[in-house]
Amino acid sequence: MSNYRWTVCALLFFATTVNYLDRQVLSLLHSRLEAEFNWTNSDYANITSAFQLVYAISMLFAGRIVDRLGTKWGYAVALIVWSLGAILHAKAIPVGHGLATMLGFIGITGVSVSVLGFIFSRAVLGFGESGNFPAAIKATAEYFPKKERSLATGIFNSGANVGAVLAPLTVPWIAHTWGWESAFLIIGAVGFLWLIFWFIFYEKPEKQKRLSKAELDYILCDPDQQAIVPSPTTEAAEKVSWVKLLKYRQTWAFSLGKFMTDGVWWFFLFWLPSYLKVQYGMDDTAIMIPLAVLYSMTMIGSVGGGWFPMYFMKKGYAPYDGRMKAMLIIALFPLVVLAAQPLGHISVWIPVILIGIGASAHQAWSANIFTTVSDMFPKKAIGSVIGIGGMAGGLGGVFMSKLGGSLFDHYKALGHTQTGYTIMFTICAVAYIVAWTLMKILVPKYRPINDL
């Protein structure tokens, strides 16, 4: 049997790496931009929230668009849009001037040009990046049987960690050498290289000439898989409405799980560079190694988390039940983040390691929560359900960013911003236990959807 499905997994891995490289540039340049444009924490929170809000809303439609265009073209369009959005950050000031002029015509004045420009650029980036995970999960469902999907999801999802590691190793140096605009331009252009390989190597399994018949049969080995290639008319007739999907507890379980936990990852991604500056006076190239170490740890969680439920499945658990058992254990690890601030006075490496464990657990959790959708829903609905849950996760991210920005400005005025981080780390630590409990209440046992 051939193993071409892992080539597809590699493509998804590199796309996710690019995805996270693009979204993390701003957080690594926060201190530099804050000093240049005199931003407050709330200004920065508004900019990051613009990305998350547009990302959240777009996720609802991204899944539908991917289902409509198909995985190949849906993924390609998403990458083109988000790469252009990443590059647009380099021109945020001219864009901001244009937007300020337009707002002036309708009587709105006094808005920061830099904030306007970066909000618009982040919105374009968020709109494009919303297509990454619906397309990647759909490709995984197309190319992998259920028993391998969490592992494949964990592997491609580890691209987020690789992107998070590469970003602090490259972005501060590029900005220091050539200026902050160059960081956005260079990193944003990387996605177009991936696009070439995507068009060369990706095609639906039924049309993929590089796939052996034995591997295709293996991919379609699940009882609910259909080996017959659907026609365009059949696919159109099988479109599932959002209203119908929202009637299922499984949709709400996935969405609540995403809402409760995605914001934790967003918070770490966007605010950790600022945390290192506020609490330890680390800035610019000084944050490169601590952040690289922290995000390197998350790769273990992503791949290990994808493998973990297979242990329970081999013992006879149904895919969903094995996954939920694994997710309960994973949900306990972020509790170590509670000790980050109390022990942080010893060394900067204490919170770096503890937060790294929490972030690693998030990636393990993420690899599994995504796969619960393909466990329970037919392929034709996967993209749409991922979109609904992704929107919920994005809204959770907006909540965490706005809450963090408000807390940090409040406690900064009182002279101890560190208290704001203590509160935020506490929320991050307990979020997974709460999320797992809610998911288990909604779907206590494995219940696949067979009536769509």
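The shown structure was predicted, so the numbers you read here are calculated from the model rather than taken from an experiment. Counting begins at 1 with the first residue of the sequence.
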Checklist entry - Between CZ of Phe312 and CZ of Arg323, what distance do you get to the nearest 0.5 Å? => result 12.0 Å

Next on the checklist: Can a donor-acceptor pair be found, under 3.5 Å and without considering hydrogens, that links the side chain of Ser130 to the backbone of Phe127?
Outcome noted: yes

Checklist entry - Out of curiosity, Arg149 CZ to Asn368 CG, how far, rounded to the nearest 0.5 Å? => result 14.0 Å

Next on the checklist: Does either side chain, that of Ser401 or that of Trp266, offer a donor lying less than 3.5 Å from an acceptor on the other one?
Outcome noted: no

Item to check | Greater than 12 external heavy atoms within 6.0 Å of Trp252's CH2 | outcome: no

Checklist entry - Between Ser42 and Thr40, is any side-chain donor less than 3.5 angstrom from a side-chain acceptor? => result no

Next on the checklist: Can you confirm whether more than 12 heavy atoms, excluding those of Tyr202, are under 6.0 Å from its OH atom?
Outcome noted: yes

Item to check | Rounded distance [0.5 Å steps], CD1 in Ile137 versus OG1 in Thr153 | outcome: 4.5 Å

Next on the checklist: Quick check: do Leu395 and Phe259 have side-chain heavy atoms less than 4.5 Å from each other?
Outcome noted: yes

Checklist entry - Within a reach of under 6.0 Å around OH of Tyr280, are more than 12 heavy atoms found that belong to other residues, nucleotides or ligands? => result yes

Item to check | Parallel, tilted or perpendicular: rings of Trp365 and Tyr432 (30°, 60°) | outcome: perpendicular

Checklist outcome for this item: When rounded to the nearest 0.5 Å, the distance separating OG1 of Thr371 from CE of Met327 is 9.0 Å

Checklist entry - Do Arg122 side-chain atoms and Arg23 backbone N/O form a donor-acceptor pair below 3.5 Å? => result yes

Next on the checklist: A quick test of your reading: do over 12 heavy atoms of other residues, nucleotides or ligands sit less than 6.0 Å from OH of Tyr317?
Outcome noted: no

Next on the checklist: If you count every heavy atom of other residues, nucleotides or ligands that lies below 6.0 Å from Trp73 atom CH2, does the total exceed 12?
Outcome noted: no

Next on the checklist: Is it the case that atom NZ in Lys147 sees more than 12 heavy atoms from other parts of the structure closer than 6.0 Å?
Outcome noted: no

Next on the checklist: Between Trp265 and Ser366, do the side chains contain a donor N or O and an acceptor N or O under 3.5 Å apart?
Outcome noted: no

Checklist entry - To the nearest 0.5 Å, how far apart are CD in Glu129 and OG in Ser83? => result 8.5 Å

Checklist entry - Are the side chain of Asp283 and the backbone of Lys277 linked by a donor-acceptor contact shorter than 3.5 Å? => result no

Item to check | Exceeds 12 heavy-atom contacts within 6.0 angstrom, atom CZ of Phe14 | outcome: no

Checklist entry - Between Lys258 and Gly390, is there a donor-acceptor pair closer than 3.5 Å when you use the side chain of the first and the backbone of the second? => result no

Item to check | Whether over 12 other heavy atoms sit under 6.0 Å from Phe333 CZ | outcome: no

Item to check | Exam field: side chain Ser255 to backbone Ala392, donor-acceptor pair closer than 3.5 Å | outcome: no

Checklist outcome for this item: When Trp39, Tyr44, Phe51 are each screened for ring pair (Phe, Tyr, Trp, His ring centres under 6.0 Å) with Phe118, the one that passes is Trp39

Next on the checklist: Whether the side chain of Thr177 engages the backbone of Ile174 through a donor-acceptor N/O pair (distance < 3.5 Å, no angle test) should be reported.
Outcome noted: no

Item to check | CD-CD distance between Gln341 and Gln418, expressed to the nearest 0.5 angstrom | outcome: 7.0 Å

Item to check | Side-chain donor or acceptor of His89 paired with backbone N/O of Gly85 under 3.5 Å | outcome: yes

Next on the checklist: Using the ring centroid of each side chain, check whether Tyr275 and Trp271 are separated by less than 6.0 Å.
Outcome noted: no

Item to check | Side chain Ser360, main chain Ile300, donor-acceptor under 3.5 Å | outcome: no

Item to check | Residue among Trp198, Phe197, Phe192 satisfying ring pair (Phe, Tyr, Trp, His ring centres under 6.0 Å) with Trp194 | outcome: Trp198

Checklist entry - Counting distance only, does the side-chain N/O of Ser27 pair as donor-acceptor with the main-chain N or O of Gln24 below 3.5 Å? => result yes

